[in-house]
Trainee: 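Before we start, here is the structure in question, set down as structure tokens.
Counting starts at 1 for both ligands and their atoms, in listed order.
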Amino acid sequence: MRISVIGCGYLGAVHAAGLAALGHDVVGIDVDAEKVARLAAGEAPFYEPGLAGLLAAATGSLRFTTDPAAAAGCTVHFICVGTPQRPGENAADVSHVETALEMLMPCLDPGDVVVGKSTVPVGTAEALLAELQALRPGVALVWNPEFLREGHAVHDTLHPDRLVLGLAADGTADHARTVLREVYARPIAEGAPVVETDLATAQLVKAAANSFLATKISFINAMAEVCEASGGDVVRLAEAIGHDARIGHRFLGAGLGFGGGCLPKDIRGFMARAGELGADQALAFLAEVDAINLRRRVRMVDLAREECGGSIVGRRIAILGAAFKPESDDVRDSPALSVAAQMSLQGAEVVVTDPQAIDNARRRWPELKYAFTAEEAATGADLVLLLTEWREYVDLDPHELGAVVHQRRVLDGRNALDPARWRAAGWGYRALGRPATAGVS
Ligand code: UGA
């Protein structure tokens with residue numbers, strides 16, 4: 001099928017390359033000329049494992065351009081643009097989605113299918129549908145939310161764990177269903193479940209899924225707070241409750257909490273939309289989920305201060321990790337960078353390192369110091385903080401790192417290090433939600 005993908009960011013670039021890998025003829029369109037040039041040269045414009053390989057494999061059936069007219073002749077058009085949080089508000093800014101549809105309008109023919117993938121407040125699709133019906137009758141709209149995780153985006157795109165098709169009740173549903181089932185023929189043949197819904201439900205599914213994940217993380221971080229107050233150990237607690245199959249172990253990782261371009265802004269946007277709909281009470285708990293999450297960052301700084309004997313002023317602090325999670329160079333609302341910046345503002349000499357995110361971090365916080373390796377960052381450090389659990393940091397040799405620091409003290413913001421191993425190498429080890437003796441047998 002001939003497919004256009006509007007927006008080539010973390011979602012759209014992988015989606016375009018994934019569709020080409022699924023056998024389609026794809027054009028990716030973005031307003032950012034630099035991003036387009038890199039993608040056109042087969043280069044991933046951001047760090048995403050497997051994306052470069054997918055781009056290389058797709059030559060011939062995949063191209064990228066800034067020219068909106070390139071969507072003409074395509075029969076399926078995916079909208080993959082961002083919906084950031086509006087400055088100073090909780091609500092999401094859907095203007096890029098509106099602009100994408102406006103841009104597509106001259107290229108749309110009856111029988112075409114426009115597919116929304118962006119995360120939008122419920123009601124957005126209905127407004128876009130009304131516009132389509134007025135200006136391009138015969139063009140179908142489907143809402144097909146995306147559930148890919150950064151760092152696993154290629155796998156999640158090629159092997160989705162479910163496909164949600166939100167169909168409009170305007171007589172186009174049968175045609176749209178047939179087209180989308182052809183687009184996703186391969187994952188469907190592999191057994192990916194397809195859930196068909198109305199437009200409203202499809203938009204809500206995405207907000208609900210991210211809200212549930214955020215709630216699960218904040219739940220375990222709330223337990224961490226109670227553990228800190230009572231002497232309990234949140235890691236053992238999570239292990240124990242996770243054995244109940246109804247609860248499960250995944251997303252019960254206590255620590256510095258969630259960040260990134262999705263969960264924080266999605267729960268806020270969901271609350272804002274529920275408020276507009278008069279259902280604000282239903283989602284009031286998400287304000288607490290947000291607050292618990294942000295408190296972890298403050299607690300991390302407080303713990304660092306305690307470890308430094310009451311003040312971090314003038315102390316050299318090594319921060320391992322700047323990305324919001326491992327296997328990504330994304331620093332949007334990164335808990336690690338947020339802690340680094342707070343400590344720097346409070347007078348510490350902060351040196352940040354990350355395997356992939358230094359350039360993005362430097363653009364966001366140019367006033368911080370950056371180092372290219374953990375050893376360089378830790379040299380002369382009074383305290384080392386692990387804030388993003390990259391494999392190479394988890395595997396660090398505490399003896400080797402111990403040789404370069406000023407003081408062997410580590411704070412594990414992700415409960416990812418083995419306390420016994422670090423203690424055995426002479427380090428003082430503390431973590432969020434665990435007693436000072438955690439790991440001492
Ligand atoms: C999230 C969802 O997981 C995807 O399904 C969704 O498609 C995506 O948002 C989106 O809306 O586009 P992502 O933001 O890539 O994906 O990252 P996650 O893997 O969900 O992690 C989010 C944050 O939670 C990270 O900062 C991570 O460190 C943190 N986290 C995760 C924890 O603190 N504890 C955990 O146990 C798990």
Side-chain angles (χ1 to χ4, degrees), residues 7 9-15 46-49 80-85 92 117-120 144-157 160-164 203 205-224 234-235 237-239 241-242 247-270 289-290 292-297 299-300 321-339 354 357 386-390 393-394 412-416 431-433:
Y10 286 99
L11 162 59
V14 182
H15 191 62
F46 47 85
Y47 179 75
E48 182 62 49
C80 295
V81 294
T83 51
Q85 189 176 341
K117 273 215 156 294
S118 307
T119 302
V120 292
N144 168 224
E146 178 57 56
F147 303 102
L148 66 78
R149 300 157 298 164
E150 287 177 33
H152 304 272
V154 171
H155 174 272
D156 292 351
T157 300
D161 53 13
R162 80 285 212 190
L163 290 160
V164 175
Q203 296 162 86
V205 165
K206 177 60 190 269
N210 277 0
S211 297
F212 190 87
L213 294 171
T215 302
K216 205 169 175 192
I217 298 167
S218 276
F219 174 82
I220 202 62
N221 283 333
M223 295 305 108
V234 75
V235 173
L237 183 148
E239 186 189 339
I241 64 171
I247 297 173
H249 284 114
R250 297 180 73 186
F251 270 66
L252 276 190
L256 201 48
F258 59 84
C262 302
L263 299 192
K265 69 122 175 129
D266 286 354
I267 61 170
R268 293 171 196 153
F270 201 18
V289 166
D290 200 7
I292 293 165
N293 192 52
L294 295 175
R295 278 207 297 274
R296 292 287 77 190
R297 303 178 186 188
R299 173 67 189 138
M300 193 76 223
F324 84 104
K325 69 173 193 179
E327 298 301 326
S328 173
D329 65 359
D330 193 348
V331 300
R332 287 176 294 170
D333 201 356
S334 163
L337 262 193
S338 161
V339 167
D354 190 283
L386 174 83
L387 301 187
T388 311
E389 69 279 30
W390 286 91
Y393 299 153
V394 176
D412 184 355
R414 292 291 177 183
N415 281 307
L432 293 174

Trainee: Would you check ligand 1 and list the protein residues that come within less than 4.0 Å of it by any heavy atom, ordered by chain and number?
Mentor: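 Its neighbours under 4.0 Å (heavy atoms only) are Glu146, Phe147, Leu148, Arg149, Glu150, Lys206, Asn210, Leu213, Ile217, Phe251, Leu252, Gly253, Gly257, Phe258, Gly259, Cys262, Leu263, Asp266, Phe324, Lys325, Arg414, given by chain and number.
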Trainee: Could you grab the distance from atom CD of Glu150 to atom CZ of Phe324, nearest 0.5 Å is fine?
Mentor: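 Taking CD in Glu150 and CZ in Phe324, the distance rounds to 4.0 Å.
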Trainee: Taking the side chain as everything from C-beta on, heavy atoms only, tell me whether Arg299 gets closer than 4.5 Å to Leu432.
Mentor: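 Yes, side chains in contact.
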Trainee: Which pairs count as side chain to side chain donor-acceptor pair (under 3.5 Å) when at least one residue sits in residues 209-219, sequence neighbours excluded?
Mentor: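 Checked against side chain to side chain donor-acceptor pair (under 3.5 Å) - neighbours excluded - the pairs reaching residues 209-219 are Asn210-Asp266.
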Trainee: Which residues satisfy the ring-ring contact (aromatic ring centres under 6.0 Å, His included) test with Tyr47, sequence neighbours excluded?
Mentor: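 ring-ring contact (aromatic ring centres under 6.0 Å, His included) list for Tyr47, sorted by chain: empty.
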Trainee: Just jot down the ring-ring contact (aromatic ring centres under 6.0 Å, His included) partners of His152, sequence neighbours excluded, or say none.
Mentor: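 Result, ring-ring contact (aromatic ring centres under 6.0 Å, His included) vs His152: none returned.
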Trainee: Walk me through whether Val164 and Phe147 qualify under side-chain contact (heavy atoms from CB on, under 4.5 Å).
Mentor: CA-CA 10 Å; Val164 175; Phe147 303 102; 3.9 Å; yes
